[in-house]
Participant: 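One structure, as structure tokens, below. Some questions next.
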Amino acid sequence: MRPRGARRPRDREPADRLVEFLGWFGGATMVEIFFNNFLDVVPQWGALGGGMLLYGVVSGVRRLRRRELPPPPKQPRGLPAPVEPLFGRDAEIAEVTGRAEEHRMVVVRGMAGSGTSALAVAAGWALVPDPERQHYVDLRGQNRGRPESARSVAERVLRALGRPLEAATSLEAAAQEVSTALRAPGHLLLLDNVSRWSQVGWLPRDAPESTMITAGTLDADVNDPVPGDVAVVRAGPLAPADVVALLRSLVPAERIDADPAATEELAARFLRMPGVAVGTGRWLAENPKVPIATLVTDLAKQGAHDLALRWLFGLQVERLSRAARRLLALLAHAPVAELGIDEIVALTGRPERDAGHVMEELCRHGLAEKVRESRFRVTDAARPAVRTPDGRGAKAWRRLAEHLADRADFFAGRLPEEDARGWFALEDRTLLQMLREYRPERGGGGPLWRIADALEVWFAFEQRVEERQETALALAKAASALGNQAVRANAELRLCLIALTRGDPGAAGRRLGRAERLLADPESWPAQLHLAHALTLLAKGDEYATVESSLVRYGQALPGGDATGQAVLWLDMAVLHVRWGQICDFQGRKEEARYLYEGAGDLLIRALGGAASAGDARVEAHVREILALVHWYRGQEDEALEGWARAAELHERSGDGRGRLRCQVHRAAALPERRCEEAAGLLRSALRRLPPTGVTTALANLHLARLDPAGAPERRGAGLAALAPWDGISEPLQVTELRRRLERLPSGS
């Protein structure tokens, strides 16, 4: 008998039932559903190198400390304030504004120190004086030697424009979001400190009502040229007369008039770059007894131009106070390139007021500069003149690491609150660079492990799989360098689960094997390792008895009173029942399949109660998603469609874009034939945002091919490509059947 209120499902072959909603059961989606939720419960088992009791004690201490931390700084809006007066750039500003009317994208290009940022910002204010229509992204990041990738740039642009980050899964999708955001007339997007065209080449150039400016060195590369259809304005060296005018704004006029020939020689030979000219002018103002002619003679004695500039910056360093010299050395050799004033306070161990005065001194001499979001960095031209810090540097790095770990720990505990999201959006690259570069003495890695834990929670929250992998790889490298086996196992486990999320079960199995070898005794495995073992087995085959045993061990390893963890266990068991039921259905064992579906429904009701008692919207979203699938298999079509709509809403609210897309594919496949156009629209929309690999992507292509036979050859190729991670390894029967169905589609050849 069918359940009360049920209707007979549409007639389908058993194989259709097997692959109908396979997007849920490829392993990748299972891990992103279950393990990401578990991270919110116990994010730090290996990082602490001990058991759950120790984790609970440390967490309690941290909660007490969190109350003392100040709120994060607010991110400024619009463009930075223009430099006034800006000498010698009127013609270039006019050229930028003029070309912007024709090309919509203008590149302002120049050597480091030539003032491209000041020029671009001045032109931006002239084009769009309304800050509400200005969007600014500074790409000069925390790694001095490695420019940000195009994908990272896409994420930063989307955040600045207020668009969903899930679009950054592909540069094409990100470009579409940028086009949508700039469709309103009169908007400006300025990307500053661009070093390579490939960082910004993905940007659309079809927003006729808005303007884009990119500014920076855009290093010459025959493999990465600026296209010919992009307007380029070059910011060359200043004319000597403009340099003299700049010096007059900084140095008393009588000194310049006393020896105009020496001033002109100084300007023409050494000060054509605005940044150097400003620093030199300030030095001259603070050294009134040094004749300009003497400075020219001394610079000429240095020989090569770069050596002369290094000598000049050395003079400026000598004029610093002792505290300023020490701070300059710490900043120039810090693991990260930019620091805010609170981080500088942690670095120096001095009160904020004292640190602020020292930073003012460094900026006054042109040795450091204030950049966006109230950060400071040592100027690139000054770094060669700065000595390495003394032996107290190690203590300074440790204070900085502990400060960042405290902040990251605090805001990870506040997610998804707006202040926490804002802080991580501002600092996640700082944390990741610290994790990559800082190496304390052995036994001193605690702050790094805490930073890694917080980044894992943050990037999982934002569904940023690439950054999760970067974090786990950096954690593995740091743990290996410091000889911490437990943390290495933690990192390998995270890499295993990330590989499953990305639809690569082969890589997941290799990472899991490393984690198991690092923690050889199964009796000592933490709950996450049992869960990872179950999910990896399920992704690679149909060993249901072994999977069930691993899930039982997972439940036994959960700490007492863990309502969310228990809900996740019930959810896992329900998924196992449904997947087993699919196999029975496929093999004609209808009664056994019905029994398994009913058991799954009972487990899901219990999981729903657990999620509600824990107040966990993410777990609730996943439970409702699977419960809708059980409704569908039991013939309750309306309940299934309503359940997926509710689950999609919860996924959206909790920031899980991929979960929402999964529900979108489910709903499209379940819609009646009279709504085939609506279903096709849902599938096309989902495919624009889904990653290129994974069973959800393959399934969406299969369904769309059935609705649009003319496009079947293209969908066949895309669907088979999405299953590439299973090539050459064992795979579940569902994947095998999905592959067979795709191969039966017309190939077009």
Participant: Would you check if the side chain of Thr97 reaches a backbone N or O of Ala94 as a donor-acceptor pair within less than 3.5 Å?
Facilitator: yes
Participant: Going by an N to O cut-off under 4.0 Å, is there a salt bridge joining Glu155 and Arg464?
Facilitator: yes
Participant: For Ser249 and Leu246, indicate whether the former's side chain and the latter's backbone hold a donor-acceptor pair under 3.5 Å.
Facilitator: yes
Participant: Just how far is it from atom CG of Leu119 to atom CZ of Arg234, taken to the nearest 0.5 Å?
Facilitator: 13.0 Å
Participant: Given 3.5 Å as the limit, does a donor-acceptor pair link the side chain of Glu402 with the main chain of Pro447, or not?
Facilitator: no
Participant: Report the C-alpha separation of Arg159 and Glu462 in whole Å, then their side-chain angles, then the decisive distance to 0.1 Å, and conclude whether the salt bridge (Lys or Arg N to Asp or Glu O under 4.0 Å) test is met.
Facilitator: CA-CA 12 Å; Arg159 194 185 297 281; Glu462 290 224 319; 2.9 Å; yes
Participant: Which distance, rounded to the nearest 0.5 Å, do you find between the CD of Gln199 and the CZ of Arg151?
Facilitator: 15.0 Å
Participant: How close do Ala122 and Ile93 get, heavy atom to heavy atom, and via which atoms?
Facilitator: CB-CD1, 3.7 Å
Participant: For Arg255 and Ala285, which heavy atoms make the closest approach, and how far apart are they?
Facilitator: NH1-N, 4.2 Å
Participant: Atom CD of Glu92 and atom OG1 of Thr116: how far apart are they, to the nearest 0.5 Å?
Facilitator: 12.0 Å
Participant: Taking all heavy atoms of Ala154 and all of Ala174, pick out the closest pair and write down the distance.
Facilitator: CB-CB, 4.0 Å
Participant: Would you please test Asp192 and Arg140 for salt bridge (Lys or Arg N to Asp or Glu O under 4.0 Å) and show each step?
Facilitator: CA-CA 8 Å; Asp192 202 0; Arg140 183 169 50 180; over 6 Å; no
Participant: Between Ile344 and Leu331, does a side-chain contact (heavy atoms from CB on, under 4.5 Å) hold up when you go through it step by step?
Facilitator: CA-CA 8 Å; Ile344 292 172; Leu331 291 175; 4.3 Å; yes
Participant: How close do Tyr438 and Ala401 get, counting heavy atoms only, and between which atoms?
Facilitator: CE2-CB, 3.5 Å
Participant: Please confirm whether the backbone N or O of Val128 pairs with a side-chain atom of Gln134, one donor and one acceptor, at under 3.5 Å?
Facilitator: yes
Participant: For Glu254, I'd like to know if atom CD has over 12 heavy atoms of other residues, nucleotides or ligands within 6.0 Å.
Facilitator: yes
Participant: Verify, without hydrogens or angle tests, whether Arg163 (side chain) and Val178 (backbone) share a donor-acceptor contact under 3.5 angstrom.
Facilitator: no
Participant: Any donor and acceptor pair, going by atom type alone, linking the side chain of Arg398 with main-chain N or O of Pro440 inside 3.5 Å?
Facilitator: no
Participant: Measure from the side-chain N and O atoms of Arg399 to the backbone N and O of Glu343, and report whether any donor-acceptor pair falls under 3.5 Å.
Facilitator: no
Participant: Ignoring hydrogens and angles, tell me if any N or O in the side chain of Thr214 forms a donor-acceptor pair with the backbone of Val194 under 3.5 Å.
Facilitator: no
Participant: Does Glu467 pair with Arg429 as a salt bridge, N-O distance under 4.0 Å?
Facilitator: yes
Participant: Would you say the rings of Trp458 and Phe424 are close, in the sense that their centroids are separated by under 6.0 Å?
Facilitator: yes
Participant: Could you tell me whether Arg272 atom CZ has more than 12 heavy atoms of other residues or ligands within 6.0 Å of it?
Facilitator: yes
Participant: Looking only at heavy atoms, which two atoms of Trp397 and Leu330 are closest? And how far apart?
Facilitator: CH2-O, 3.1 Å
Participant: Output yes when Glu427 and Arg375 qualify as a salt bridge under the 4.0 Å nitrogen-oxygen rule, no when they do not.
Facilitator: yes
Participant: For Arg156 and Glu148, run salt bridge (Lys or Arg N to Asp or Glu O under 4.0 Å): C-alpha distance rounded to whole Å, both residues' side-chain angles, the deciding distance at 0.1 Å, then the answer.
Facilitator: CA-CA 10 Å; Arg156 297 183 64 176; Glu148 292 198 32; 2.3 Å; yes
Participant: To the nearest 0.5 Å, what is the distance between CG (Asp298) and OG1 (Thr294)?
Facilitator: 6.5 Å
Participant: Using every non-hydrogen atom in the two residues, find where Val108 and Ala120 come nearest and quote the distance to one decimal.
Facilitator: CG2-CB, 4.3 Å
Participant: With distance as the sole test, does Glu369 use its side chain to make a donor-acceptor pair with the main-chain N or O of Phe376 at under 3.5 Å?
Facilitator: no
Participant: Give a yes or no on whether the backbone of Val290 and the side-chain of Asn287 come within a donor-acceptor separation of less than 3.5 Å.
Facilitator: no
Participant: Should Leu182 and Thr211 be marked as a side-chain contact (heavy atoms from CB on, under 4.5 Å) after you check the CA-CA gap, both sets of side-chain angles, and the distance that decides it?
Facilitator: CA-CA 8 Å; Leu182 297 181; Thr211 302; over 6 Å; no
Participant: Taking only Lys NZ, Arg NE, NH1 and NH2, and the carboxylate oxygens of Asp or Glu, determine whether Asp428 and Arg421 approach each other closer than 4.0 Å.
Facilitator: no
Participant: Nearest 0.5 Å please: distance from the OH atom of Tyr136 over to the CG atom of Leu191.
Facilitator: 9.5 Å
Participant: If you round to the nearest 0.5 Å, how far is CG of Asp242 from CG of Leu271?
Facilitator: 13.0 Å
Participant: Could you walk me through whether Leu482 and Trp449 pass the side-chain contact (heavy atoms from CB on, under 4.5 Å) check?
Facilitator: CA-CA 11 Å; Leu482 297 177; Trp449 316 150; 3.7 Å; yes
